[in-house]
Amino acid sequence: MATAAMGGGFVNVMKSVDHIVRGNGVSLLVKAAPTSTSGNFFVSLKRRGWQLYCSNSNSDSYLKLRDEELMRQCEMETFKASGPGGQHRNKRESAVRIKHLPTGIVAQAVEDRSQHKNRASALARLRTLIALKVRNPVPLRTYSPPAELLQILPPNSTLRASHSGPQIGPNNPKFVLGMQALLDLIFAVEGSVSEAAKFLGMSTGALSRLILSDGSLWMAVNELRASKGLKPLK
Amino acid sequence: MMKLRLSGLSCGVCANFRRPISLCYSNSISSSSAEVKPKIPLYLRPLSFSASLSELTQWHKWAKNLASSVGSSFVHLDNGPDSTLLRRELNWLLQDLLELQHHSAILSHLESGNSENVDVSVALRAPLEELYCVWRQRIEERRPFQYVVGCEHWRDLVLSVQEGVLIPRPETEMIIDLVENVALNKFPELAKGFWADLGTGSGAIAIATARTLSTHAHAHGRVIATDLSPVAIAVAAFNVQIYGLQDVVEVRKGSWFEPLKDVRGKLAGVLSNPPYVPSGDISGLQAEVGQHEPKLALDGGISGTSDLLHLIDGAASMLKPGGFFALETNGEKQSKFLVDYIENDKPGSFCNINIVSDFAGIQRFVMGFRQ
């Protein structure tokens, strides 16, 4: 029944879910939708365990999906019970591990007390990882920063309009959308922070400070720069 | 009830840890009284106690060391928790003990081990001496963590639990997905009918089902939760009240279908997680389960199926045509046995019978519809 998966102790739940789907002709919460990857090209730049995927289709839309829609592109694995489980067992191991099938990105959460919460945490983590790892092409000649990127810029950016609202920080769930757009731009300008800053109407110093304000963003920019043979940002 | 107040913070507070649990709580229930008063879970108690940050740090260090001393000995003994899980439980205990807004700051202080602000007073929902006592019970008596804090997080609910009531299991969460995805999405009119959760325990299935029914438009579905245990009845009623579902969920005392004679042949759904552990397996259960949870909720007779068979028989006469049932079982053997029983002994009673696996791939649930 259970398909042992990597990572030790996790099993694949797709079989059981598939059973319900076939048996009743209705879908369950955790269903993998058939997702076509044709039209996307994934360039794997493996460096120190990091992978960068490039896509020529609009994969930024992953982040615009609602939670249920994104979950439908995922395979969910929960912690494998040792022994018969159910009434036999009292161990609050509600670990959840989700794999985003189109990109292969895996996110997990173990620290919460219910599977519901762990699933929500894992999904939030998946969104961050997609933002960090999936790159989308940016048309530099006609570039104007999207609204979600403007939202994370400091108020002194000249492109920021009054309707952009207050600056959004890393703790806001909307930050990941801006972060993805920023990384797309930096990727398009071959990792040059000063070039990217020009497109955003701000100084190189101000953009550097923004990048350094979030640890995972900082690390992603440096991975990207390293892949282009540039020195890390400090 | 006796109220134990101690001045010191000696680790020997509960040196004789075989003493009755009631000594650790001022609001314990008495099993002999006819009217059971449910315990208030730790997270709902007022912040009427305090300790200095250094006293709390001292307790936390002691509790963490006690958890670490377990290593994997319980795992080898009876597949119980290891020290990693126990330390995680300790963090959850702190979550329930402290004011929510200060939890993360205090936790990071406790983890960092720095000695600043040690005189700061921290508001607590239980006195420190009780914390020494209950954590010792957790480790040395293997008292379930959920009984220590008086609640369990289940789906999106926080349910009160106490000795005498089965702690709802994560596997059982899936019954609600079956109600939603198999029964209600396909047959929305079922959302208007009467549903029964038999042997409700904490009321978990009944409350989650009621909340699911209420998401369906124009649904006036009701849930009746039954249980034989007076403690379960009191706790389920308390949980129903916490979620403000008194008008939707009715808790009735009695064995299985016995209190449901007025809805015979009218039920839209029958749900249950009945006792299914074979009697011979009870003594080998992990200590948290076998020594602390009610046998009434675990022991399913010699093969573990006596209550399950009774429920199938009952469902045949209690469900209306098109009504849905879902039962939790011990796994593959029991599920197959039930399906065989339905097909051979109840021909024509049910249709669309299916076995559904839980998240660990164990064939946990049997479900179907009344013909």
Side-chain angles (χ1 to χ4, degrees), chain A residues 1-5 9-31 67-68 71-72 75-98 109-121 171, chain B residues 75 79-82 85 88-89 91-92 95 144-146 152-158 166-167 169-174 177-178 180-182 185-186 273 275-277 281 284-286 288-290 292-293 297-298 300 328-332 352 354-364 367:
Chain A
M1 270 316 289
T3 320
F10 282 92
V11 294
N12 193 316
V13 296
M14 293 315 296
K15 281 243 169 103
S16 61
V17 172
D18 185 47
H19 187 106
I20 300 174
V21 173
R22 275 189 290 110
N24 304 281
V26 294
S27 64
L28 192 78
L29 212 62
V30 218
K31 195 185 81 173
D67 278 357
E68 313 87 82
M71 201 68 194
R72 252 177 253 135
E75 193 173 272
M76 190 174 96
E77 296 160 348
T78 40
F79 208 81
K80 185 185 176 185
S82 55
Q87 287 168 12
H88 288 259
R89 180 184 169 88
N90 175 7
K91 280 196 197 178
R92 270 280 42 161
E93 285 170 329
S94 50
V96 169
R97 181 175 157 126
I98 51 178
V110 297
E111 68 282 6
D112 285 319
R113 283 156 89 165
S114 80
Q115 250 171 42
H116 259 58
K117 279 194 200 154
N118 274 331
R119 189 158 58 193
S121 305
N171 292 331
Chain B
V75 179
N79 202 17
D82 64 2
L85 182 55
R88 200 176 294 152
E89 288 181 0
N91 284 346
W92 297 335
Q95 256 174 28
F145 171 75
Q146 296 88 343
E152 173 66 318
H153 292 222
W154 192 84
R155 287 186 72 91
D156 52 347
L157 307 171
V158 181
L166 186 83
I167 298 158
R169 303 292 199 263
E171 284 88 345
T172 313
E173 296 187 13
M174 199 168 172
D177 295 328
L178 300 179
E180 180 69 40
N181 297 296
V182 180
N185 282 356
K186 207 171 177 185
N273 172 23
Y276 54 64
V277 178
D281 292 358
L285 292 171
Q286 77 172 96
E288 281 83 0
V289 180
H292 295 273
E293 291 196 276
L298 297 168
E328 181 170 327
T329 80
N330 202 28
E332 184 176 352
N352 294 324
N354 262 302
I355 294 175
V356 180
S357 298
D358 66 16
F359 55 67
I362 293 173
Q363 299 190 341
R364 181 69 63 195
M367 61 171 194

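In this text, all values refer to a predicted model and were calculated from it rather than measured experimentally. Every chain is numbered from 1 and lettered A, B, ... according to where its sequence line falls, protein lines coming before strand lines.
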What residue, out of B:N273, B:L166, B:T172, B:L157, has the most heavy-atom pairs lying under 4.5 Å from chain A?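 The residue among B:N273, B:L166, B:T172, B:L157 with the greatest pair count is B:N273.
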In plain terms, say whether B:E173 and A:R119 are close enough for a salt bridge, that is, a side-chain N and a carboxylate O under 4.0 Å apart.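 The answer is no: the pair does not qualify as a salt bridge.
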Please classify the contact of [X] with chain A as side chain, backbone, both or neither, using a heavy-atom distance under 4.5 Å.
{"X": "B:N91", "value": "neither"}
{"X": "B:E180", "value": "neither"}
{"X": "B:V289", "value": "side chain"}
{"X": "B:I167", "value": "side chain"}

B:D82 vs B:R88, test: salt bridge (charged side-chain N to carboxylate O under 4.0 Å, His left out). Steps then yes/no. CA-CA 10 Å; B:D82 64 2; B:R88 200 176 294 152; over 6 Å; no
Test A:R113 against every option in B:E89, B:Q95, B:Q146, B:E152 by the side chain to side chain donor-acceptor pair (under 3.5 Å) rule and name the one that passes.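 Per the side chain to side chain donor-acceptor pair (under 3.5 Å) rule, the option paired with A:R113 is B:Q95, out of B:E89, B:Q95, B:Q146, B:E152.
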Close side-chain approach of A:M76 and A:M71, heavy atoms under 4.5 Å: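 They are in contact (side-chain heavy atoms under 4.5 Å apart), so the answer is yes.
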Begin with the C-alpha distance, continue with both residues' side-chain angles, and end with the deciding distance and a verdict on salt bridge (charged side-chain N to carboxylate O under 4.0 Å, His left out) for B:D358 and B:R364. CA-CA 6 Å; B:D358 66 16; B:R364 181 69 63 195; 3.0 Å; yes
